[in-house]
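Taking it in order: structure first as structure tokens, then the write-up.
Chain naming here is simple, since letters A, B, ... match the order of the sequence lines and numbering starts at 1 in each.
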Amino acid sequence: MTQKLVEILTLERKLSAKILAFIVLSYLCCLKKYNMSAFELSEQEIQRRESLNKLREMGINPYPADLYPVSDYAAELKKQFVDGKQVCIAGRMMSQRVMGKASFAELQDSSGRIQVYFNRDEICPGEDKTLYNDVFKKLLDLGDFIGVKGYVFKTQVGETSIHVQEFTLLSKSLKPLPLPKIDAEGKIHDAFTDPEMRYRQRYADLVVNPQVKDIFIKRTKLFSAMRQFFNDAGYMEVETPVLQSIPGGAAARPFVTHHNALDIPLYMRIANELYLKRLIVGGFDGVYEFSKNFRNEGMDRTHNPEFTAMEIYVSYKDYNWMMDFTERLLEHCAIEVNGSSETTFGEHTINFKAPYKRVTMRQSIIDFTGFDIAGKTEEELFEAAKSMGIAVDSTMGKGKLIDEIFGEKCEGNYIQPTFITDYPKEMSPLCKEHRDNPELTERFELMVCGKEVANAYSELNDPIDQRERFEEQVRLSEKGDDEAGQFIDYDFLRSLEYGMPPTSGLGIGMDRLIMYLTNNPSIQEVLFFPQMRPEVHQQKVELSDNEKFIFDSLQKEQKMALLRLKELVNLSNKAWDVSVKNLTKQGLVKVTKIDEELLIEIL
RNA sequence: GAUUCCGUAGCUCAGCUGGUAGAGCAAUACACUUUUAAUGUAUGGGCCCUGGGUUCGAAUCCCAGCGGGAUCACCA
């Protein structure tokens with residue numbers, strides 16, 4: 001402890017005694033409270049802690065508990081200018097322009113920013129000017145939360161502002177925020193753009209990048225719009241288990257966890273489909289759920305390990321009805337989110353206005369390859385795929401081959417919302433067989449910008465067929481198809497045996513949809529906290545092993561030739577160089593040049 | 001998983017063919033009563049991601065690692 005104080009004294013000797021005393025004090029506080037070394041704080045962070053303590057000494061609580069009676073919001077006051085209106089607003093101080101006895105600052109609340117005007121003699125009508133000179137000008141920092149009471153006016157330049165009559169510190173900010181600035185031409189300087197820092201510190205991202213906040217406001221609007229649409233249609237929002245003993249409803253690698261009391265493995269859900277259908281069996285007409293799903297697979301700009309899907313099941317309907325429903329739903333959502341059915345995604349303008357084009361998978365493959373899959377054997381499909389330059393292997397069944405051809409040659413071409421219908425049976429184990437063709441299923445996917453955003457079926461409700469399809473999946477899985485399901489959910493089959501009415505179900509990838517509606521090519525931009533490798537905090541050591549070794553070696557003689565010591569410790573050039581520089585920097589040793597010889601000594 | 005680019009002050013970024021670190025903003029001090037990227041003057045602030053190598057000398061060149069981005073592959 002004493003040693004550290006000495007180090008601080010040496011390091012900070014250029015600072016005035018007053019500041020120094022404070023630093024030592026606050027260092028002791030920090031050490032006791034946070035078990036943290038003062039060296040980990042930047043100069044500005046130390047200064048802010050210093051201001052914090054000064055405020056406390058002045059009897060100002062930097063973290064008051066009292067309610068603050070906010071009456072207005074920045075955006076509204078600027079939109080509806082009412083001269084002289086008395087207001088009370090609160091937010092972060094994001095800029096400060098001090099001009100002697102008058103100052104301007106910007107206050108940022110949840111709605112935006114508004115300028116506030118401070119006049120010394122109005123803040124401090126008497127002799128004592130500390131509140132303005134010290135508290136406002138010096139002890140407040142950018143990022144602090146303050147509340148102001150005053151009246152609305154326009155400055156000579158015409159900027160709507162609040163003439164402050166009284167201000168209150170509401171919460172002190174100890175860490176400087178990134179500070180992007182916008183110049184007169186609207187150009188942004190010093191933008192906080194590094195994706196890693198933005199995702200890891202989303203809170204800071206949200207404070208300084210209003211366009212990021214907008215994305216998430218739109219995200220919430222999308223959920224509300226969808227919910228409203230379903231509720232208006234009379235369907236019920238439900239919740240089903242996230243922890244499942246059999247992960248079903250999709251083919252994906254699940255996360256595994258363990259339940260201690262039951263002593264069994266449990267899986268995080270990969271889909272909620274099978275549970276929602278159980279509820280249809282139970283007699284609900286329409287059920288939907290926004291479900292967080294978890295898949296233990298690769299991560300990239302369109303895949304996060306946890307993502308949100310919406311699934312809805314409606315009884316007595318088929319997939320044709322669901323197509324109508326889906327296009328009306330998406331048109332409604334696009335308008336609620338963006339005010340228009342049109343949205344821009346990269347170079348494309350997408351129009352979500354219903355109705356959407358409907359193309360069968362067979363027709364789509366004919367359109368883009370000239371090849372007709374109808375009535376072909378597995379061998380013929382295999383050869384066709386191969387001739388198209390698609391990587392094929394012997395584990396692939398008919399359905400998989402068709403899916404590969406579609407994915408490779410067709411999918412990417414559908415920019416405007418398009419329903420692709422009638423998928424091969426093998427790929428759709430939960431979907432009802434097509435009424436006109438036993439090789440196909442009554443399934444559609446909605447393609448937007450070459451990617452699927454929705455998937456829907458006339459749900460399979462024949463329990464015997466369902467059992468056979470599950471068993472076929474298990475066979476495919478054993479054959480080596482890692483996309484095929486490995487588990488049979490017998491409880492789900494039991495529920496079907498009681499009877500499920502004809503039902504159509506729809507699943508929508510919410511993250512992907514909001515990417516389209518907010519023009520973001522990356523899923524990380526539309527998730528508050530995208531998954532990241534955990535940060536590693538490197539503990540700063542005062543002396544490395546090398547440095548200690550050099551110091552100890554030197555201790556015996558106190559002073560010796562630099563080259564001789566180097567030979568003695570026998571470190572690599574790099575290690576030697578870094579260590580000596582560090583020791584010198586910390587004021588523990590000194591290198592001097594006498595004549596042509598370099599000497600090193602302990603201080 | 002493959003390829004490729006990046007990691008320098010609180011933030012945004014310079015730093016050439018190796019010679020012990022620069023700018024703007026932010027910070028500190030002073031001046032300034034309607035400014036607005038306020039202004040002017042002065043000052044302080046760096047484990048140059050980590051480890052190793054080459055070299056008299058590395059932020060810079062080489063190797064390995066860590067973290068991130070992009071592209072591709074994989075992905076109901």
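Across rC61(B) and rG15(B), the matching C1' atoms stand 16 Å from one another, rounded to whole Å. Nucleotides rU60(B) and rC16(B) have their C1' atoms positioned 10 Å apart, rounded to a whole Å. Between rG40(B) and rU50(B), the two P atoms lie 36 Å apart (nearest whole Å). Between rA9(B) and rC47(B), the two C1' atoms lie 13 Å apart (nearest whole Å). When the P atom is used for both rA37(B) and rA26(B), the distance is 12 Å, rounded to whole Å. Atom name P, nucleotides rA38(B) and rC25(B): the rounded distance is 10 Å, in whole Å. One P atom belongs to rG65(B), the other to rC5(B), and the distance between them is 16 Å to the nearest Å. Annotation: rU8(B) and rA14(B) have their C1' atoms spaced 10 Å apart (nearest Å).
Out of rA26(B), rU34(B), rU28(B), the shortest distance to the side chain of Thr155(A) is found at rU34(B). Of the candidate nucleotides rU33(B), rG69(B), rA38(B), rU33(B) has the atom lying nearest to any side-chain atom of Tyr117(A). Among rA37(B), rU33(B), rU35(B), the nucleotide with an atom closest to any side-chain atom of Asp121(A) is rU33(B). Nearest to the side chain of Val157(A), among rU36(B), rG68(B), rA26(B), sits rU36(B). When each of rU34(B), rC75(B), rA26(B) is scored by its nearest atom to the side-chain atoms of Lys181(A), the top-ranked nucleotide is rA26(B).
Scanning for side chain to side chain donor-acceptor pair (under 3.5 Å) contacts around Lys292(A) gives Glu306(A), with sequence neighbours left out. In this view, Phe118(A) and Phe136(A), Phe167(A) satisfy the ring-ring contact (aromatic ring centres under 6.0 Å, His included) rule, not counting sequence neighbours. Looking at residues two or more places apart in sequence or on another chain, you find a ring-ring contact (aromatic ring centres under 6.0 Å, His included) between Phe444(A) and Phe419(A). Residues satisfying the ring-ring contact (aromatic ring centres under 6.0 Å, His included) test with Tyr414(A), not counting sequence neighbours, are Phe368(A). Evaluation of the ring-ring contact (aromatic ring centres under 6.0 Å, His included) rule for Phe529(A) yields no partner, not counting sequence neighbours. Remark: Ser161(A) engages Gln115(A) in a side chain to side chain donor-acceptor pair (under 3.5 Å) (not counting sequence neighbours). Legend: residues meeting side chain to side chain donor-acceptor pair (under 3.5 Å) with Asn209(A), ordered by chain and number and at least two apart, are Asp205(A). With sequence neighbours excluded, the residues that form a salt bridge (charged side-chain N to carboxylate O under 4.0 Å, His left out) with Glu196(A) are Arg200(A).
Sorted by first and then second residue, the salt bridge (charged side-chain N to carboxylate O under 4.0 Å, His left out) pairs involving residues 123-139 of chain A (not counting sequence neighbours) are Asp121(A)-Lys129(A).
Near RNA chain B, meaning a heavy atom under 4.0 Å from it, residues 446-458 of chain A has Glu452(A) in order of number.
Pairing for rC72(B) goes to rG1(B), judged as Watson-Crick or G-U wobble with the two contacts each under 3.5 Å. Across all strands shown, rC32(B) has no partner, as no Watson-Crick or G-U wobble contact with both distances under 3.5 Å is found. Pair check for rC11(B) finds rG24(B); Watson-Crick or G-U wobble, both atom distances under 3.5 Å. The partner of rG19(B), taking Watson-Crick or G-U wobble pairs whose two distances both stay under 3.5 Å, is rC56(B). Of all nucleotides present, only rU50(B) satisfies the Watson-Crick or G-U wobble test against rA64(B), with each distance under 3.5 Å. Of the nucleotides present, none pairs with rG45(B) by Watson-Crick or G-U wobble criteria with both distances under 3.5 Å.
The separation between Lys187(A) atom NZ and rG24(B) atom C1' is 13 Å, rounded to whole Å. Here rC11(B) presents its C1' atom at 12 Å from CG of Leu142(A), a figure rounded to the nearest Å. Between the CE atom of Met99(A) and the C1' atom of rC32(B) there is a distance of 8 Å, rounded to whole Å. Protein atom CZ of Phe118(A) is 16 Å distant from nucleotide atom P of rA38(B), rounded to whole Å. For the pair Ile162(A) CD1 and rU36(B) C1', the computed distance is 16 Å after rounding to whole Å. Atom pair Ile182(A):CD1 and rC11(B):P shows a separation of 20 Å (rounding to whole Å applied). Computed from coordinates, the Lys137(A) NZ to rA38(B) P distance equals 17 Å when rounded to whole Å.
Ring pair Tyr117(A)/His163(A) is perpendicular by interplanar angle, where above 60° counts as perpendicular and below 30° as parallel.
As judged by a 4.0 angstrom heavy-atom cut-off over every strand, Arg198(A) is placed among residues making no nucleic acid contact. Base engagement by Gln156(A) is indicated by at least one non-hydrogen atom pair under 4.0 Å involving a base atom. Using a 4.0 Å heavy-atom cutoff across all strands shown, Val98(A) reaches at least one base atom of the nucleic acid.
Close to rG68(B), at under 4.0 Å from its OP1 or OP2, lies no side-chain N or O of Gln524(A). Put simply, Arg97(A) has no side-chain N or O that comes within less than 4.0 Å of OP1 or OP2 on rU35(B). For Lys101(A), a side-chain nitrogen or oxygen approaches OP1 or OP2 of rU33(B) to under 4.0 Å. OP1 or OP2 of rG68(B) has at least one side-chain nitrogen or oxygen of Arg533(A) nearer than 4.0 Å. Side-chain N/O atoms of Gln115(A) include none lying less than 4.0 angstrom from OP1 or OP2 on rU35(B).
Aromatic pair Phe487(A)/Tyr267(A): centroids less than 6.0 angstrom apart.
Across the interface with RNA chain B, nearest-nucleotide mapping of Asn119(A) and Pro180(A) shows Pro180(A) to be the residue nearer the 5′ end. With RNA chain B read from its 5' end, the first of the two nearest nucleotides for Arg301(A) and Lys138(A) is the one closest to Lys138(A).
Salt-bridge annotation for Glu471(A) and Arg475(A): absent, with no side-chain N of the basic residue lying under 4.0 Å from a carboxylate O of the acidic one. Salt bridge annotation for Arg198(A)-Glu525(A): present, with a cationic side-chain nitrogen under 4.0 angstrom from a carboxylate oxygen. Between Glu459(A) and Lys432(A) there is no salt bridge, since none of the side-chain N atoms of the basic residue sits less than 4.0 Å from a carboxylate O of the acidic one.
Checked options Ile146(A), Ile123(A), Leu107(A); the residue passing with Val164(A) is Ile123(A) (criterion: side chain to side chain contact (heavy atoms under 4.5 Å, CB included)).
Applying the 3.5 Å distance criterion, the base of rC74(B) shares a donor-acceptor pair with the side chain of Asp300(A).
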Atom pairs under 3.5 Å, N or O on each side, protein against nucleotides 12-15 of chain B: can you list them with distances?
none

Grab the N/O contacts between the protein and nucleotides 6-10 of chain B below 3.5 Å, and write none if there aren't any.
| unit_1 | atom_1 | unit_2 | atom_2 | d |
| --- | --- | --- | --- | --- |
| rG10(B) | N7 | Gln44(A) | NE2 | 3.4 |

